[in-house]
Amino acid sequence: MKNKTLNINIWMYCFVSIMLLTLMIDYFTYFFGNHYLIYLVISGLILCCFGYCLRHKIKIVNNFEKADIIFFLFLLVIAILTIVFPDRSFDTFNYHLYLQQNPFGDKINFDFFAGKNLNSYSYAFPDRMFYLFRFFLGYRLGVILNYLLIIIIYVQVKEMIKKLIPHSHFIFRVVVSTLIATSLSLIDIVDSYYVDLISVVLLLEITRLVLFCPLEEKENNTILFAYFGLLFGFTFVVKISNAVLLVLLFMIYILKNRNILKCINLKNILITLFSLFLPFVLYLIYT
């Protein structure tokens, strides 16, 4: 049986690596206490080893076009004009900053102020992703993760347009993708610690797989199932309400791949379930 290679854009690969790095740090933090920098180094080494082992199963692609400079210049102008202003939003002060630094604090006996806030009981994972950047870059530049997310959204939209309209001109793809990725609803939160853009990226990636990554009976789809499990698990832990969209996307995928039963074996089931629960089981147990 031929092993199926999973194609991942280089920007998305970086994003998944950040998610896995954050998750490993939090597992260490939960079981061994808060020593962030030490766990960051250990988790980084583990992630590098993990990536090396999967080097033949994951193909990192770079679909950069010269016309993409239009988007990057536009995003740079937005960054120059806005990133100098620190995030003063209510939700950031109310619970996002708290969850970044105290993912597993005792909200009942010790963290008195936060314990009075219902939002402080939400899963800390997406806020911890921001803390990785805030830890090194400080409060103002800690939101730079959002700019990475905007870039990924641009790449995802451009690739979907290319798939849906194969003969479209590259300038058309770049302009439309730029307008979507830098729409007011997205740019409005790009300089805040809000976690909504993380959900957008994950849901778009799942949509890409659902629409353009069919199952092949004669291929080993284990890596694809594992990736699906991770994406579903991460999407759920970022925002529980995403579960509604996940169910819908799952149903669409089943309808598009009615041969899925022929591609499932015990190995695929176990790996998929492990990948699915790994991102959120820790926060579920704590909460």
Side-chain angles (χ1 to χ4, degrees), residues 15-47 49-50 91-92 94-135 145 193-199 201-203 205-206 222 225-247 249-250 266-287:
F15 176 61
V16 173
S17 298
I18 293 171
M19 289 194 297
L20 290 172
L21 183 65
T22 301
L23 187 64
M24 281 190 281
I25 291 172
D26 276 6
Y27 267 95
F28 280 119
T29 301
Y30 182 80
F31 288 106
F32 304 110
N34 192 6
H35 303 284
Y36 188 80
L37 190 58
I38 296 175
Y39 300 151
L40 175 62
V41 174
I42 296 173
S43 300
L45 293 174
I46 295 174
L47 189 62
C49 295
F50 187 67
D91 284 352
T92 296
N94 201 25
Y95 65 95
H96 284 304
L97 294 181
Y98 167 76
L99 289 176
Q100 287 181 17
Q101 294 181 240
N102 301 278
F104 307 113
D106 187 342
K107 298 180 178 65
I108 298 176
N109 299 311
F110 294 102
D111 298 339
F112 177 78
F113 176 76
K116 296 297 183 182
N117 180 4
L118 178 64
N119 298 102
S120 67
Y121 288 89
S122 58
Y123 295 162
F125 172 77
D127 293 298
R128 292 287 281 175
M129 290 182 65
F130 278 101
Y131 186 65
L132 177 64
F133 295 88
R134 180 183 157 209
F135 183 82
L145 173 62
Y193 284 101
Y194 286 17
V195 302
D196 303 84
L197 291 180
I198 301 176
S199 291
V201 168
L202 288 168
L203 289 169
E205 180 68 1
I206 294 173
T222 301
F225 285 131
Y227 188 49
F228 256 121
L230 277 178
L231 291 177
F232 271 66
F234 279 128
T235 306
F236 179 77
V237 76
V238 169
K239 187 168 287 189
I240 297 175
S241 57
N242 286 335
V244 177
L245 291 173
L246 292 176
V247 171
L249 288 169
F250 178 75
L266 181 60
K267 176 184 176 182
N268 287 339
I269 292 174
L270 292 177
I271 289 179
T272 304
L273 290 177
F274 175 78
S275 303
L276 173 65
F277 286 104
L278 182 67
F280 68 85
V281 67
L282 176 70
Y283 308 96
L284 178 67
I285 292 172
Y286 162 73
T287 302

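We're numbering straight along the sequence, starting at 1. Predicted model, so just to flag it, every value in this text is computed and none were measured.
Distance check: Leu245 CG to Phe236 CZ gives 13.0 Å after rounding to the nearest 0.5 Å. Here the straight-line distance linking atom CD1 of Ile25 with atom CG of Leu132 works out to 6.0 Å at 0.5 Å rounding. Arg134 contributes atom CZ, which lies 14.0 Å from atom CG of Leu145 (distance to the nearest 0.5 angstrom). Here CZ of Arg128 is found 8.5 Å from CG of Asn102. Values are rounded to the nearest 0.5 Å. Here the CZ-OH distance, from Phe130 to Tyr194, works out to 11.5 Å after rounding to the nearest 0.5 Å. Atom CG of residue Leu276 and atom OG1 of residue Thr235 lie 10.0 Å apart, to the nearest 0.5 angstrom.
Between the side chains of Tyr95 and Asp127, not a single donor N or O lies within less than 3.5 Å of an accepting N or O. Side-chain N/O atoms of His96 and Asp91 include no donor and acceptor closer than 3.5 Å. Thr29 and Asn34 share no donor-acceptor pair across their side chains, judged by distance under 3.5 Å alone.
The six-membered or imidazole ring of Phe125 lies near that of Phe234, with a centre-to-centre distance under 6.0 Å. Side-chain rings of Tyr39 and Tyr36 stay apart, their centers remaining 6.0 Å or farther from each other.
More than 12 non-hydrogen atoms from other residues, nucleotides or ligands lie less than 6.0 angstrom from OH of Tyr27. The local environment of CZ in Phe135 is crowded, with over 12 non-hydrogen atoms from other residues, nucleotides or ligands closer than 6.0 Å.
The closest side-chain heavy-atom distance from Thr272 to Phe232 is not below 4.5 Å. Side-chain contact between Val201 and Leu197: absent, with no pair of heavy atoms (C-beta onward) separated by less than 4.5 Å. Within the 4.5 Å cutoff, side-chain heavy atoms of Tyr193 are placed close to those of Gln100. Within the 4.5 Å cutoff, side-chain heavy atoms of Ile240 are placed close to those of Tyr123. You'll find the side chain of Glu205 stays beyond 4.5 Å of the side chain of Val16, heavy atoms only.
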Discussion item. For a side-chain contact (heavy atoms from CB on, under 4.5 Å) check, start with the C-alpha distance between Leu203 and Leu231, then their side-chain angles and the critical distance, and finish with the verdict.
Written reply: CA-CA 8 Å; Leu203 289 169; Leu231 291 177; over 6 Å; no
Practice prompt. Evaluate the criterion side-chain contact (heavy atoms from CB on, under 4.5 Å) for residue pair Phe280 and Thr287; output intermediate values, then yes/no.
Written response: CA-CA 11 Å; Phe280 68 85; Thr287 302; over 6 Å; no
Discussion item. Using the rule given for side-chain contact (heavy atoms from CB on, under 4.5 Å), can you reason through Lys239 versus Ile198, listing the C-alpha separation, both sets of side-chain angles and the distance that settles it, and then say yes or no?
Written reply: CA-CA 9 Å; Lys239 187 168 287 189; Ile198 301 176; over 6 Å; no
Practice prompt. For Tyr283 and Leu23, run side-chain contact (heavy atoms from CB on, under 4.5 Å): C-alpha distance rounded to whole Å, both residues' side-chain angles, the deciding distance at 0.1 Å, then the answer.
Written response: CA-CA 10 Å; Tyr283 308 96; Leu23 187 64; 4.0 Å; yes
Discussion item. Between Phe31 and Phe28, does the ring-ring contact (aromatic ring centres under 6.0 Å, His included) criterion hold? Intermediate values first, please.
Written reply: CA-CA 5 Å; Phe31 288 106; Phe28 280 119; 9.1 Å; no
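Taking both residues in full, the closest heavy atoms of Val238 and Val195 are given as CG1-O, 4.1 Å, listed atom of the first, atom of the second, then distance. Taking all atoms of both residues into account, the shortest heavy-atom contact from Leu99 to Ser120 is CD2-O, 3.3 Å. Scanning all heavy atoms of the two residues, the minimum distance from Ala226 to Ser275 falls at O-CB, 3.3 Å.
At least one donor-acceptor pair under 3.5 Å links the side chain of Tyr286 to the backbone N or O of Gly105.
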